[in-house]
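Down below is the structure, laid out as structure tokens.
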Amino acid sequence: MKTARALMILGTASHAGKSILTAALCRIFADEGLRVAPFKAQNMSLNSAATPDGREIGRAQALQAEACRIPSRAEMNPILIKPSSDCSAQVVVMGRVWGEVSATDYHQRRVEELFPVVLDAYRTLAREHDVVVLEGAGSPAEINLKTHDIVNMRMARAAGAACLLVGDIDRGGVFASLLGTVELLDPCERALLRGFVVNKFRGDIALLEPGIEMIGQRIRLPCAGVVPYLPDLDLDEEDSVGVEDRRDASRAWKSSEDGPDRRLRIGVVRFPYIANFTDFDTLAAEPSVSLAFLDHAEDLEHADLLILPGSKQTLNDLDWLRRSGFESGILNFSGRAGVLGICGGMQMLGRSIDDRGGAENNGVARAGHGLGLLPIATVLEAEKITRIVSGRVRSGTIFEKSLSVDCFHGYEIHLGDTVYHDGAQPFAEIQRCGESESRPDGAVALNGRAIGTYVHGLFSDDAFRHSFLDTARAACALKPAAKKLFVTMDRERRIDRLADHVRRSLDMDLIHGCLGIK
């Protein structure tokens with residue numbers, strides 16, 4: 001039976017650029033007329049995406065599928081690990097919640113139990129495509145974890161993959177990290193390496209060339225390319241380092257902008273277990289917006305609009321909110337627009353959260369009082385809702401101002417059912433993919449200044465985002481935005497720009513040769 005040729009992108013460390021380079025190569029191969037698919041055996045991320053059939057996978061694999069011009073599916077990321085604490089995590093297998101396990105139990109026992117599932121998923125993709133581009137995780141040379149590492153070299157061997165090793169020069173120490181990684185691999189693992197890539201380079205290439213020649217001789221591998229740093233890419237990240245790199249209030253709001261033409265200051269609370277922080281990338285990219293992630297309660301006073309984002313551990317993050325002094329600041333928020341809660345953030349804005357079955361806490365029941373800004377209560381259930389949705393804001397207004405566009409698209413990924421108290425009004429009516437009936441979503445406070453929704457990704461919809469921002473600006477006595485970003489129309493161009501950039505930077509003859517592609 002014919003199976004796909006396999007190319008694997010390994011990194012010397014997390015955030016070396018594996019996900020983005022994988023997406024670029026997916027688009028390059030697709031442009032060459034090849035049937036290509038992405039694959040990552042095991043992913044650890046709190047940023048996830050819904051597939052068309054209602055499964056949950058890592059957001060990077062959803063982007064990579066988009067680069068391939070094919071629908072995303074669970075086989076592209078058969079295991080997704082969503083940390084619940086420093087020592088435990090929720091494990092999602094083939095797009096469905098499989099269980100909550102400790103780090104020790106997973107690495108020493110469960111990973112071997114699940115590897116056959118990983119192999120079946122890969123073989124399914126390999127039968128249906130010409131090329132599969134695999135992505136590694138972290139570093140393949142974590143010697144304390146290598147015995148049970150199923151995402152890097154073991155997966156490379158199983159797929160018979162030609163491997164490229166990527167190092168990030170922007171963070172420094174790229175030659176040491178390349179050498180150290182190769183030295184820590186076993187001889188049979190080194191034999192799978194076909195070249196190395198220096199990523200995120202800035203400066204004069206002539207100054208880098210002596211180092212490339214020396215490291216090539218030391219590790220006995222050719223350089224497959226030097227990829228210059230590409231600014232303003234604005235494509236999805238899933239690595240936790242990605243949210244750490246995002247601007248805080250001290251950097252975003254240090255200017256003394258004022259007047260009706262100034263930018264709208266949006267503050268997003270940076271929970272310890274923040275989920276799907278890419279929800280706000282399109283907002284941050286708008287010229288009329290200054291978005292910051294808030295770590296300190298005192299930053300609230302500078303915001304026009306406050307957002308409580310999604311959370312993997314809603315009750316734990318609610319406890320953190322109170323310990324950090326945010327609670328009183330949110331209850332007395334004097335911003336000129338209001339407060340928006342998304343998914344877990346919406347649940348926190350309600351009156352109570354009841355995890356009677358321990359859905360978030362490994363079977364341990366918990367309950368807590370919410371912030372009480374929304375007249376709702378939440379009961380967390382073990383079954384996760386994962387659906388692509390379309391919706392309409394029920395009242396046609398936000399923050400007591402009319403929307404010019406009240407329809408949106410997005411996706412649900414959440415635990416919990418919302419119970420409405422007397423007088424509560426839903427935020428929207430939504431329709432899930434594959435269902436004919438609509439259902440209520442979210443809630444609106446009686447004064448209209450606090451709203452909540454379960455829908456992620458609604459700001460990726462250009463028309464709705466522009467309408468939302470104009471409405472929020474009107475609530476703050478600001479003029480409508482003079483310039484607007486068109487992400488939906490621009491997204492394909494961004495992926496093509498990335499692919500063109502990488503195509504020019506890599507030795508594609510070397511890569512084609514490794515795969516036996518003419």
Side-chain angles (χ1 to χ4, degrees), residues 85 243 246-254 264-275 277 279-280 283 289-355 360-361 366-378 380 398-400 416 418-425 427 442-454 472 475-477:
S85 70
V243 72
R246 282 160 165 74
R247 295 194 304 171
D248 58 19
S250 64
R251 287 188 288 169
W253 298 339
K254 60 185 177 183
L264 182 74
R265 292 189 292 268
I266 299 178
V268 180
V269 179
R270 195 186 327 239
F271 296 134
Y273 293 99
I274 185 172
F277 58 80
D279 279 348
F280 314 110
L283 287 178
V289 168
S290 179
L291 187 143
F293 282 79
L294 309 185
D295 300 296
H296 308 290
E298 54 266 28
D299 294 329
L300 293 176
E301 63 181 283
H302 304 295
D304 297 313
L305 168 63
L306 179 63
I307 298 179
L308 273 62
S311 166
K312 171 60 181 69
Q313 295 294 112
T314 309
L315 285 166
N316 289 349
D317 278 341
L318 181 58
D319 290 343
W320 172 86
L321 204 69
R322 291 191 164 112
R323 291 196 307 270
S324 304
F326 273 98
E327 180 176 24
S328 60
I330 294 171
L331 294 178
N332 300 308
F333 180 61
S334 58
R336 288 179 253 187
V339 182
L340 166 65
I342 297 179
C343 200
M346 178 192 73
Q347 294 172 345
M348 294 182 205
L349 290 175
R351 295 178 182 173
S352 64
I353 302 172
D354 185 353
D355 188 10
E360 280 192 348
N361 293 279
R366 280 197 65 191
H369 295 291
L371 300 175
L373 292 180
L374 294 177
I376 59 172
T378 297
L380 298 182
I398 287 180
F399 307 128
E400 300 182 305
T418 297
V419 179
Y420 291 93
H421 288 275
D422 291 342
Q425 294 296 319
F427 166 68
V444 180
L446 297 179
N447 66 3
R449 290 293 179 166
I451 58 179
T453 177
Y454 272 122
C476 298

#### Entry: Derivation of the side chain to side chain contact (heavy atoms under 4.5 Å, CB included) call for Met346 and Leu340
CA-CA 7 Å; Met346 178 192 73; Leu340 166 65; over 6 Å; no
### Val419 vs Ile376, side chain to side chain contact (heavy atoms under 4.5 Å, CB included): CA-CA, chis, key distance, verdict
CA-CA 6 Å; Val419 179; Ile376 59 172; over 6 Å; no
### Task
List the steps, then state whether side chain to side chain contact (heavy atoms under 4.5 Å, CB included) holds for Phe280 with Val289.
CA-CA 11 Å; Phe280 314 110; Val289 168; over 6 Å; no
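In terms of heavy atoms, Leu349 sits closest to Ile451 at CD1-O, 3.9 Å. In plain terms, the two heavy atoms of Cys476 and Leu264 that are nearest each other are SG-CD1, 3.9 Å. Looking at every heavy atom in both residues, Arg366 comes nearest to Asp319 through NH2-OD2, 2.8 Å. Considering all non-hydrogen atoms of both residues, Gly325 and Ser328 come closest at O-OG, 3.8 Å. What you find for Phe333 and Leu300 is that their closest heavy atoms are CE1-O, 3.4 Å. Nearest heavy atoms, Asp317 versus Ser311: OD2-OG, 2.6 Å.
Between Leu308 and Phe271, some side-chain heavy-atom pair lies under the 4.5 Å cut-off. Contact check for Pro309 versus Ile274: side-chain heavy atoms found under the 4.5 Å cut-off. In this structure the side chain of Thr378 never reaches within 4.5 angstrom of the side chain of Asp354, judged on heavy atoms. For the pair Leu305 and Phe399, the minimum side-chain heavy-atom distance is below 4.5 Å. Residues Leu371 and Leu321 are in side-chain contact: their nearest non-hydrogen atoms beyond the backbone lie under 4.5 Å apart. Using a 4.5 Å cut-off on side-chain heavy atoms (C-beta onward), Leu294 and Val268 make no contact. With contacts defined as side-chain heavy-atom distances shorter than 4.5 Å, the pair Met348/Leu318 qualifies. Residues Thr314 and Asp355 have side chains not in contact (no heavy-atom distance under 4.5 Å, counting atoms from C-beta outward).
In this structure, Asp299 does not pair ionically with Arg270, as no charged nitrogen and carboxylate oxygen lie closer than 4.0 Å.
In this structure, a donor-acceptor pair under 3.5 Å is present between the side chains of Tyr454 and Gln347.
Checked against a 6.0 Å centroid threshold, the rings of Trp320 and Tyr273 do not count as neighbours.
Here OH of Tyr420 is found 9.5 Å from CD of Gln425. Values are rounded to the nearest 0.5 Å. Atoms CZ and CD1, on Arg449 and Ile398 in that order, are 12.0 Å from each other to the nearest 0.5 Å. Taken to the nearest 0.5 Å, the OG1 atom of Thr453 stands 7.0 Å off from the CD1 atom of Ile342. The distance from the CD1 atom of Ile330 to the CZ atom of Arg322 is 9.5 Å, given to the nearest 0.5 Å. Taken to the nearest 0.5 Å, the CD1 atom of Ile307 stands 5.5 Å off from the CG atom of Leu283.
In the displayed structure, His369 atom NE2 is contacted under 6.0 Å by at most 12 heavy atoms of other residues, nucleotides or ligands.
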